[in-house]
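Here's the structure, in structure tokens; my notes come after.
The structure displayed is predicted, hence computed values, not measured ones. Proteins come first, then strands; the chains are lettered A, B, ... in the order of their sequence lines, and each starts at number 1.
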Amino acid sequence: MMNKKILNKIYFIIFFSIILILLNGCGKKLPEDRPIGVKNIVLLNQDSSKVIFPDSFKGKTLLLCFIYTNCPDICPMTTHNMQLIQEQLKKENINNVQFAEMSFDPQRDTPSILKTFGDIRNIDYSNFTFLTGKSSDIKSILNNMNILALPGDTTKTESGTPVYFFTHTDRITLIDKDGKIRNEYRGSKADIQAVVNDIKILGD
Amino acid sequence: MIFLLSVLTILNFNSPKMEIDSAWVRPAAKGMNSALYFDLRNNTSNTDTLIKVSSPVAELVQVHETLNKNGLMEMKEVKSLGVHKNQIIKFAPGGYHVMLIKLKKDLKAGAKVGFVFYFKKAGKIKVTAVVKSY
């Protein structure tokens with residue numbers, strides 16, 4: 001017959017192993033941890049103030065999405081989702097998170113245009129910024145972050161104003177305070193609570 | 001004569017129609033673009049075709065559809081849209097929408113915007129949409 005002490009040890013080891021397995025299964029890990037791939041890029045925000053990307057955001061969790069203001073459908077949806085996430089974080093008193101929307105149409109999206117786009121949507125700029133910059137710099141960021149934005153055919157309005165739209169990636173990217181990409185979401189269809197939960201995992 | 005007119009009026013009021021419900025517009029500033037969303041119901045006994053939408057608030061008004069092609073979002077103009085009898089087509093974010101290109105004025109939350117829809121059989125239908133906050 002097996003010694004009672006040894007039997008108790010075996011029971012303890014089995015019990016402890018089950019607890020560890022359960023804890024590991026419940027604790028969600030973020031799927032990614034990769035660098036943005038760019039540094040020290042000078043951009044402008046909606047007030048024409050310089051923002052160094054991504055360096056200016058280090059030390060804070062950054063939620064970054066990519067838009068163009070001439071977009072009537074998808075980009076406003078993404079912007080609205082960013083606002084909903086911002087509101088939810090405020091309700092839950094989660095700070096140290098910055099929101100940024102970068103235009104992939106810098107030729108048309110000047111700082112003042114970005115400001116107009118934000119103002120009409122009552123954006124709370126306290127931790128929310130729009131970004132634009134030199135076309136070559138924006139292109140470098142897009143390439144490194146795997147964002148595609150392809151201009152389509154140009155048509156004209158009756159007054160002769162040229163009109164064109166982009167075929168583009170629909171994305172919100174979660175970046176940690178060390179400047180590493182930790183998760184990506186479909187911007188226009190993002191699950192607000194899922195993004196908030198991921199931000200909580202990153203912590204303050 | 002009055003009796004005949006009354007009968008015609010009653011028949012007209014009771015005849016099934018093309019309906020446009022729950023119309024709303026995204027906010028956007030002058031010079032920018034917006035979109036109109038709504039539910040389109042064909043309550044008639046025939047297939048009809050939406051051929052045009054107009055509005056005084058934009059330089060150009062077009063029907064578009066947003067498509068997701070392998071993760072890339074793309075918009076295509078829809079020149080005409082067939083609506084079968086008893087069919088409901090939802091114009092909703094991320095799908096069909098009426099695009100308002102180069103707005104002539106700011107569209108702020110709460111404002112009302114007038115539209116005219118043109119159908120092959122049903123003819124003109126006037127619609128008023130409310131600007132939402134997002």
*So with a 6.0 Å cut-off around NZ of A:Lys134, is the heavy-atom count from everything else above 12?*
no
*asked:* Using a 6.0 Å cut-off, check whether atom NZ of A:Lys200 has over 12 heavy atoms from anything other than its own residue.
replied: yes
*asked:* Main chain of A:Pro76, side chain of B:Arg26: is a donor-acceptor contact present, judged purely on distance under 3.5 Å?
replied: no
*Decide yes or no for B:Asn68 and A:Lys189: does some side-chain heavy atom of the first lie under 4.5 Å from some side-chain heavy atom of the second?*
no
*Hey, does A:Arg121 have a side-chain heavy atom less than 4.5 Å from the side chain of B:Tyr134?*
no
Nearest non-hydrogen partners of [X] and [Y], listed with the distance:
{"X": "A:Ile74", "Y": "B:Gly94", "result": "CD1-CA, 4.0 Å"}
{"X": "B:Lys102", "Y": "A:Asn70", "result": "NZ-OD1, 3.8 Å"}
{"X": "B:Ser34", "Y": "A:Pro72", "result": "O-CB, 3.4 Å"}

*With a 4.5 angstrom heavy-atom cut-off, which part of B:Leu100 approaches chain A: side chain, backbone, both or neither?*
neither
*asked:* Please classify the contact between B:Met73 and chain A as side chain, backbone, both or neither, with a heavy-atom cut-off of under 4.5 Å.
replied: both
*Residues from residues 155-181 of chain A approaching chain B under 4.5 Å (heavy atoms)*: A:Lys156, A:Thr157, A:Ser159, A:Thr161, A:Pro162, A:Val163, A:Phe165, A:Phe166, A:Thr167, A:His168, A:Thr169, A:Asp170
*Drop me the distance from A:Asp153's CG to B:Glu77's CD, to the nearest 0.5 angstrom.*
11.5 Å
*Just checking, is any N or O donor in the side chain of A:Asp73 or B:Tyr37 under 3.5 Å from an acceptor N or O on the other one?*
yes
*What part of A:Asn122 is in contact with chain B, defined as an atom under 4.5 angstrom from a non-hydrogen atom: side chain, backbone, both or neither?*
neither
_Under a 4.5 Å cutoff for heavy-atom pairs, which residue among B:Leu107, B:Leu72, B:Leu60, B:Ile101 has the most contacts with chain A?_
B:Leu72
